[in-house]
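Note sheet for the following structure.
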Amino acid sequence: MLNLNGYFSKVKEEIFSSFKEKYGSLEFDLDQLKIEKAPEKEDAEFGIPCFPLGRVLKKSPVQVATEIAEAFEASDLIEKLQAVGPYLNVYINRQAFMACVCASVRQDKNRFGSSFMGKGKRVMVEYSSPNTNKPLHIGHVRNNLVGMTISRILEFNGYEVIKVNLINDRGIHICKSMLAYEKWGEGETPESSGKKGDHLVGEYYVRFDRELKKEKEEYATKVGFDQGTLDKEFIRKKREDMRQCSDKEEKKKLRQEISDLAKKGEAFEQEFLANSQYTEEAQGMLQKWEQGDEDVRSLWKKMNDWVLAGFEDTYAILGCEFEKLYFESDTYTLGRKFVEEGLGKGLFERYKDGSIWVKAEKLKEAAPKSFKKVQLNDKLLLRKDGTSVYMTQDIGTAALKNEDYTLDRSLYVVAEEQNLHFKILFAVLEMLGFPWACGCEHVPYGMVILPRGMGKIKSREGTAVDADDLIQEMKGRAEEKIRDGEVRVSEEQIEDTSLKVALSALKLFMLQVSLDKTVQFDPHEVIEFYGDTGPAILYSYARIQGIFRKAEILPDEEKSIDVSLLTTSEEFALLQMVSEFPDTVKTACNYNPHLLVSYLLTLKKNFSSYYGKEKVINEDNQALTLARLGLCQVVAQTIQNGLSLLGIEVVDNM
RNA sequence: ACGCCCAUAGCUCAGUUGGAUAGAGCACCAGUUUCCUAAACUGGGGGUCACAGGUUCAAUUCCUGUUGGGCGUACCA
């Protein structure tokens with residue numbers, strides 16, 4: 001039996017051999033011919049546009065189509081070809097095709113759709129990269145899901161994937177929550193309070209910000225500064241006014257006004273920070289941390305462990321896994337050596353104050369394509385006191401990654417706001433002559449933002465939607481829905497099923513949007529369970545399982561499905577859809593997980609239509625029942641394979 | 001100011017290297033449960049693919065410009 005891949009190549013070959021004879025030898029790449037699904041108004045199953053052929057033969061595509069159709073003789077696979085304008089409609093032998101699809105799925109099972117594209121190649125995927133001062137929010141959820149899904153898709157395509165997480169466990173933001181805990185914590189622990197570790201620490205991060213604001217108000221009063229005009233609401237309203245203003249002059253004036261206010265605000269902010277007691281204390285704590293002060297280090301260790309334990313729970317629920325964790329506290333000084341080496345080789349430059357920089361021109365030379373139109377500034381690589389910046393750390397970590405593993409590719413799943421940073425990083429790695437530098441790749445995705453007027457997602461200001469809370473809220477709703485009406489899920493299963501349903505909704509919601517789009521998330525609106533959603537796909541799967549439970553016998557795995565009994569157009573459409581799965585997986589592999597989502601939604605839609613129209617179990621006709629049960633198995637397997645790439649587990653009942 | 005990304009139905013989004021009549025879901029209207037799970041299905045209305053040019057036999061898709069939005073241009077990470 002032909003497998004799917006073989007089927008399509010054979011179809012192409014058959015079409016070609018017939019016209020190759022006609023035109024004699026001709027230079028034409030078979031891949032240029034696309035076998036597309038024919039539009040619905042056509043009776044044919046597939047269609048081939050003849051424009052590329054026409055170009056090569058220097059004939060009109062209409063003529064080419066006609067000539068090929070005339071020359072073609074029917075075969076086992078193809079019944080006939082028909083020219084419709086510049087298109088060649090392909091009427092296939094449906095049974096041969098359907099048998100081939102079914103056999104492919106039944107043979108490959110949970111590997112159906114996989115490929116060997118990446119065989120022998122090892123790729124590292126860095127994702128998540130959280131700060132250890134606050135719990136994960138909806139923005140991190142997008143990163144985690146994208147990173148995890150890309151990893152799974154790569155693995156399915158034969159790559160060896162190493163998932164890593166770079167934990168940002170060091171820096172002033174960490175010290176802020178530490179300081180707040182020291183001041184106001186009164187020895188609270190996750191155990192004593194019953195709070196999840198990351199949430200507990202997050203509360204102190206928020207607390208620091210609140211106290212800092214208080215201090216700022218007091219300072220403003222002391223120096224007689226009116227903060228009222230710097231109020232966010234006030235500026236936001238002004239901005240809204242400006243947007244709506246149609247008069248150009250007026251608009252300009254408003255813009256100037258806003259910009260002045262912003263400048264004024266910034267100046268005051270600077271002045272305040274320079275005089276802020278809390279800020280000074282936090283800075284002091286960071287210095288002590290860097291000096292290895294025992295007390296500070298032990299507090300840091302304690303709180304970080306709390307947070308990491310909390311993250312572990314969230315990762316486990318989301319289905320995120322890592323082969324290795326890198327900690328910034330271990331890696332942040334690693335890059336220094338390379339920066340100094342680069343300086344020695346004359347790649348970088350030392351400024352008078354002692355700091356080390358890479359010149360913009362040098363970067364442009366190293367990666368002319370990346371910076372073609374970019375107005376680039378020199379980039380700091382090492383501070384004058386020899387301490388590291390973000391870039392230093394990333395150089396070191398990249399080198400460490402390639403010391404730990406031999407990598408063909410190294411991906412960074414990080415939000416698009418860091419596009420420039422990674423362009424520079426990769427150019428610097430290139431300059432330093434690392435042979436693996438060209439394997440580095442940034443996989444950017446759009447941020448999750450709040451609706452207009454709600455500002456930015458900020459944990460410390462309470463505008464973030466907490467990941468754990470969101471999942472729990474959704475799980476509660478899922479359970480409610482399961483218990484509503486006829487309950488099919490056993491009491492022991494309800495907890496597990498509710499969580500799976502909730503996660504399917506969350507994951508599909510996030511992953512259905514292409515990576516280049518910003519996702520707007522309104523915290524006041526819930527993620528739905530109806531329509532084009534994860535639960536709707538799980539529901540289709542559960543319905544199929546319901547059929548299997550009810551069926552008296554299931555198809556014999558050894559025997560092939562009698563596809564000659566599957567005569568409805570819905571049945572053909574379903575198998576045609578199934579046949580597209582392997583290609584969908586391949587295109588998804590190019591950082592397009594959303595294509596997999598829309599594929600699964602279409603498959604679900606096809607199945608639901610079929611389910612509504614035909615009955616699978618037919619008491620009077622066992623042969624037909626078995627054939628349809630076989631079809632259902634094939635569809636269920638495809639749904640399961642697709643969902644598993646998205647990290648979604650199926651349920652048998654819901 | 002400059003650079004990058006985005007703009008498709010009232011709303012949220014698909015549309016895989018340019019190809020046949022631009023598709024879903026939500027919302028709205030009208031239907032479908034003696035029949036394998038109604039978290040479903042069937043039908044209906046709803047589009048100048050932001051705008052203006054250009055390239056092409058063919059443009060939602062590629063190029064240029066304009067407008068609107070997001071992000072970036074830190075000795076923050």
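Naming: A, B, ... by sequence-line order, numbering from 1 per chain. Computed over heavy atoms, backbone and side chain alike; hydrogens, waters and symmetry mates excluded.
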Query raised in the report: Between A/Pro39 and A/Ala542, who's closer to the 5' end of RNA chain B by nearest nucleotide?
Result: A/Pro39
Requested in this report: Remember a base hit wins even if backbone is also touched, and classify A/Lys517 as base, sugar-phosphate or nothing at under 4.0 Å, heavy atoms.
Outcome: sugar-phosphate
Query raised in the report: Do any side-chain nitrogens or oxygens of A/Ser514 fall under 4.0 Å of OP1 or OP2 in B/A14?
Result: yes
Query raised in the report: Taking CG from A/Leu376 and P from B/G72, how many angstroms apart are they, rounded to a whole number?
Result: 17 Å
Report task. Return the orientation label for the A/Tyr390 and A/His421 ring planes: parallel under 30°, perpendicular over 60°, tilted otherwise. Result -> parallel
Query raised in the report: In terms of the angle between their ring planes, are A/Phe8 and A/Phe46 parallel, tilted or perpendicular, with boundaries placed at 30° and 60°?
Result: perpendicular
Report task. Measure from CE on A/Met510 to P on B/A14 and round the result to the nearest Å. Result -> 13 Å
Query raised in the report: Among B/A24, B/C5, B/A39, which is the nearest nucleotide to the side chain of A/Asp532?
Result: B/A24
Requested in this report: Round to a whole Å and report the spacing from CD of A/Glu126 to P of B/A77.
Outcome: 15 Å
Report task. Using a 4.5 Å cut-off on heavy atoms from C-beta on, say whether the side chain of A/Arg543 contacts that of A/Ser608. Result -> yes
**Report entry** Comparing A/Gly531 and A/Asp652 on RNA chain B - which has the more 5′ nearest nucleotide
**Finding:** A/Asp652
Query raised in the report: Nearest to the side chain of A/Asn377 - B/G70, B/G15, B/A74?
Result: B/A74
Query raised in the report: What is the distance, rounded to the nearest whole Å, between atom CG of A/Asp484 and atom P of B/A38?
Result: 14 Å
Query raised in the report: Do NZ/NE/NH1/NH2 and the carboxylate oxygens of A/Glu340 and A/Arg336 come within less than 4.0 Å?
Result: no
Requested in this report: Look through every strand shown and name the nucleotide pairing with B/U32 as Watson-Crick or G-U wobble, where both distances are under 3.5 Å.
Outcome: B/A40
**Report entry** Base-pairing mate for B/A7 - Watson-Crick or G-U, with both contacts under 3.5 Å
**Finding:** B/U67
Query raised in the report: At under 4.0 Å between heavy atoms, what does A/Glu480 touch on the DNA or RNA strands: base, sugar-phosphate, or nothing?
Result: nothing
Query raised in the report: Should A/Lys456 and A/Glu461 count as an ion pair when the cut-off is N to O under 4.0 Å?
Result: no
**Report entry** Out of B/C71, B/C35, B/A39, whichever nucleotide has its closest atom nearest the side chain of A/Lys615
**Finding:** B/C35
Requested in this report: In whole angstrom, give the distance that lies between atom OH of A/Tyr390 and atom C1' of B/C76.
Outcome: 10 Å
Query raised in the report: If we take the C1' atom in both B/G54 and B/G43, what is their distance in whole Å?
Result: 43 Å
Query raised in the report: B/U16, B/A77, B/C75: which one has an atom nearest the side-chain heavy atoms of A/Glu328?
Result: B/A77
Requested in this report: Remember a base hit wins even if backbone is also touched, and classify A/Glu528 as base, sugar-phosphate or nothing at under 4.0 Å, heavy atoms.
Outcome: nothing
Query raised in the report: For A/Lys379 and B/A77, what is the distance between atoms NZ and P respectively, to the nearest whole Å?
Result: 10 Å
Query raised in the report: Which is true for A/Val597 with a 4.0 Å heavy-atom rule: it touches a base, it touches only sugar-phosphate, or it touches nothing?
Result: nothing
Query - For B/G45, the Watson-Crick or wobble counterpart (both distances under 3.5 Å) - result: none
Requested in this report: Mark yes or no: A/Arg142 above the aromatic ring of A/Tyr445, with NZ or CZ under 6.0 Å from the six-membered ring centre and no more than 45 degrees from the axis.
Outcome: no
**Report entry** Below 4.0 Å: OP1/OP2 of B/A38 and any side-chain N or O of A/Arg543
**Finding:** yes
Nucleotide N/O of nucleotides 57-64 of chain B paired with protein N/O under 3.5 Å:
none

Query raised in the report: Does CD belonging to A/Glu649 count more than 12 external heavy atoms closer than 6.0 Å?
Result: no
Query - Proximal nucleotide (of B/U37, B/U42, B/A14) relative to the A/Ser609 side chain - result: B/U42
Query - Non-hydrogen side-chain atoms of A/Glu269 and A/Leu273 separated by less than 4.5 Å - result: yes
Query - A/Arg383 vs B/C76: side-chain N/O to OP1/OP2 distance below 4.0 Å - result: yes
Requested in this report: Check every strand shown and say whether A/Gly485 touches a base, only sugar-phosphate, or nothing at a heavy-atom separation below 4.0 Å.
Outcome: nothing
Query raised in the report: Are any side-chain N or O atoms of A/Asp169 and backbone N or O atoms of A/Ser329, one a donor and one an acceptor, separated by less than 3.5 Å?
Result: yes
Query raised in the report: So what does A/Phe548 hit on the nucleic acid, given a heavy-atom distance under 4.0 Å: a base, only sugar-phosphate, or nothing?
Result: nothing
Query raised in the report: Checking A/Thr463 side chain against A/Lys458 main chain: does a donor-acceptor pair fall under 3.5 Å?
Result: yes
Query raised in the report: For the side chain of A/Asn419, counting heavy atoms from C-beta on, which of B/C75, B/A39, B/C4 is nearest?
Result: B/C4
Query - Nucleotide nearest A/Glu417 when distance is taken to its side chain, options B/G72, B/A39, B/C36 - result: B/G72
Query raised in the report: Does B/A20 have a Watson-Crick or wobble mate here (both distances under 3.5 Å), and if so which one?
Result: none
Report task. Measure from CG on A/Leu420 to C1' on B/A74 and round the result to the nearest Å. Result -> 12 Å
Query raised in the report: So what does A/Asn653 hit on the nucleic acid, given a heavy-atom distance under 4.0 Å: a base, only sugar-phosphate, or nothing?
Result: base
Report task. Name the nucleic acid region contacted by A/Leu595, choosing base, sugar-phosphate or nothing; use a 4.0 angstrom heavy-atom cut-off, strictly under. Result -> sugar-phosphate
Query - Rounded C1' spacing from B/G15 to B/A9 in Å - result: 14 Å
Requested in this report: Identify which nucleotide among B/G25, B/G15, B/A39 has an atom closest to any side-chain atom of A/Lys481, counting heavy atoms from C-beta outward.
Outcome: B/A39
Query raised in the report: Is B/A58 paired to anything, Watson-Crick or G-U wobble with both distances less than 3.5 Å, and if yes, which nucleotide?
Result: none
Query raised in the report: Reckon A/Ile482 touches a base, only the sugar-phosphate, or nothing at all at heavy-atom distances under 4.0 Å?
Result: base
Report summary line: To the nearest angstrom, the CD-P distance between A/Glu525 and B/A27 comes to 12 Å
Report task. Looking at every strand, decide which applies to A/His421 at a 4.0 Å heavy-atom threshold: base, sugar-phosphate, or nothing. Result -> nothing
**Report entry** Selection from B/A39, B/C36, B/C71 that lies nearest to any side-chain heavy atom of A/Lys456
**Finding:** B/C71
Query raised in the report: Any idea if B/U16 is syn or anti, going by the 90°-from-0 cut?
Result: anti
Query raised in the report: From the list B/U21, B/A77, B/U37, which nucleotide is the closest neighbour of the side chain of A/Lys41?
Result: B/U21
Requested in this report: Using a 4.5 Å cut-off on heavy atoms from C-beta on, say whether the side chain of A/His442 contacts that of A/Asn419.
Outcome: yes
Report task. Could you tell me whether the side chain of A/Asp353 has a donor or acceptor atom within less than 3.5 Å of a complementary atom in the base of B/C75? Result -> yes
Query raised in the report: Looking at A/His594, does any N or O in its side chain come under 4.0 Å of the phosphate oxygens OP1/OP2 on B/U16?
Result: no
Query raised in the report: Base, sugar-phosphate, or nothing: which does A/Val374 touch, judged by heavy atoms less than 4.0 Å apart?
Result: sugar-phosphate
Query raised in the report: Backbone N or O of A/Leu596 within a donor-acceptor pair of the A/Thr584 side chain at under 3.5 Å?
Result: no
Requested in this report: Provide the Watson-Crick or G-U wobble partner of B/A1, both distances under 3.5 Å; none if there is no partner.
Outcome: B/U73
Requested in this report: Just call it for A/Asn168: base, sugar-phosphate, or nothing, with non-hydrogen atoms closer than 4.0 Å on any strand.
Outcome: sugar-phosphate
